[in-house]
Protein chains: 2
Amino acid sequence: MGIYYPLMPRAATTTDVFNAIAEPRRREIIDVLADGNEHTVGEVVEILRIPQPAVSKHLGVLRKVGIVSVTKRGQLRLYRLEPKELKPVHDWLKKYERFWAHHFDRIKERAERRAADRSAQSSRLLKDKEK
Amino acid sequence: MGIYYPLMPRAATTTDVFNAIAEPRRREIIDVLADGNEHTVGEVVEILRIPQPAVSKHLGVLRKVGIVSVTKRGQLRLYRLEPKELKPVHDWLKKYERFWAHHFDRIKERAERRAADRSAQSSRLLKDKEK
DNA sequence: GGCATATATTCCTATATGGGAATATACTAT
DNA sequence: ATAGTATATTCCCATATAGGAATATATGCC
């Protein structure tokens, strides 16, 4: 008896692309595959100087999420980037692009004006507050 | 005695922007702040229907990373998005944009593919040499 | 002062790491 | 078969959650 409380600890790295690319080494691996060609585990190991088991594990995470695909050739595993899987991240960021893309447009200007107004107002409100 | 082996478990969510935005609820919070205006914790709570302590904690993470800034006004905390902090993610993704952005630009794609082939070839040559 | 409101913090716990070391598996060549 | 190479998997463990509940810390109002 008793109520079942479903806990939600930190999400698995294989949950989605956002979690998968949070790990720096995985981003490095992705960067190695960025040329669009297939690369063996050994190549990644040699380029990044990361222990082979670590590379295999990270590639496993990327594969589960779909960011990379694998092809067997003999004893080799040829990993290839599936860049379209990164698009959701880019799409989410699209909304914020404008904030740093155009430094001279009205957005920043308006934000600064608002901040100035509020600053004046809150100084007034918060005046004689001391303890 | 024995050697001290520094372990490196999963990085903290406050390590960098990539880790901070891996959590879906934090992205939702960011989206609420996306209008560029200041929002109180209560507003976020009401909009997203997330328990207040959870919102405060998530905002704390975002603040540590610098994605949001806070201003006190009375008992209120006014949170504001600092979108420029998201730029590193966008910059990293820039490299992959071409894979989904220009589906009709065959010329550019082929040129890049050829360049990639060349680079891969020289990598392989280098590797064989070391062996 | 006394009380309500807004927000932050603490305590708890199940879960998921990422790295190292060792081992297993699969394939190749002789 | 035997040995060697390429890659994956397993075991172990210190660390960091995210959520819920309860509590603490302001601050505002009368």
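First the proteins, then the strands, lettered A, B, ... as listed; each starts at 1. Just the heavy atoms: all of them, side chains too, but no hydrogens, waters or symmetry mates, feed the values below.
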So which of residues 44-59 of chain B are in contact with DNA chain D, with a heavy-atom cut-off of under 4.0 Å? B/Pro51, B/Pro53, B/Lys57, B/His58
Using a 4.5 Å cut-off on heavy atoms from C-beta on, say whether the side chain of A/His90 contacts that of B/His90. yes
Is the backbone N or O of B/Gly36 less than 3.5 Å from a side-chain atom of B/Arg80, with the two atoms forming a donor-acceptor pair by type? yes
Under 3.5 Å, is there a donor-acceptor pair between the B/His58 and B/Arg26 side chains? yes
Taking C-beta and beyond as the side chain, do B/Trp92 and A/Asp31 meet within less than 4.5 Å on heavy atoms? yes
What's touching nucleotides 1-6 of chain C from the protein side, N or O pairs under 3.5 Å?
from: C/dT5; atom 1: O2; to: B/Gln75; atom 2: NE2; distance (Å): 2.5
from: C/dA6; atom 1: O4'; to: B/Gln75; atom 2: NE2; distance (Å): 3.3

Any B/Thr40 side-chain heavy atom under 4.5 Å of B/Arg77 side chain: no
Can you sort out which residues in residues 63-73 of chain A have a heavy atom within less than 4.0 Å of DNA chain C? Ascending by number, please. none
Within 45 degrees of the ring normal and closer than 6.0 Å to the centroid, is that where the cationic atom of A/Arg27 sits relative to B/Phe18? yes
With sequence neighbours left out, what residues match A/Pro83 under side chain to side chain contact (heavy atoms under 4.5 Å, CB included)? A/Leu81, B/Phe99
Measuring to OP1 and OP2 of D/dA8, would you say a side-chain N or O of A/Tyr79 lies under 4.0 angstrom away? yes
Set of side chain to side chain contact (heavy atoms under 4.5 Å, CB included) partners for A/Gln52, sequence neighbours left out: A/Val41, A/Val45, A/Ser56
Over how many whole Å does the gap from A/Met8 atom CE to D/dG20 atom P extend? 9 Å
Should the pair A/Glu97-A/Lys94 be classified as a salt bridge under the 4.0 Å nitrogen-to-oxygen rule? yes
Decide yes or no for B/Glu82 and B/Leu86: does some side-chain heavy atom of the first lie under 4.5 Å from some side-chain heavy atom of the second? no
When you compare the side chain of B/Ile30 with that of B/Ile67, does any pair of heavy atoms fall below 4.5 Å? yes
Heavy-atom side-chain contact between A/Ile29 and A/Leu48 under 4.5 Å: yes
Side chain to side chain, B/Lys87 and B/Asp91, heavy atoms closer than 4.5 Å: yes
So if I take every side-chain heavy atom of B/Arg10 and compare against C/dT15, D/dA18, C/dT17, which nucleotide ends up nearest? C/dT17
Contacting residues from residues 14-26 of chain A, given that a heavy atom lies under 4.0 angstrom of DNA chain C: A/Glu23, A/Arg25, A/Arg26
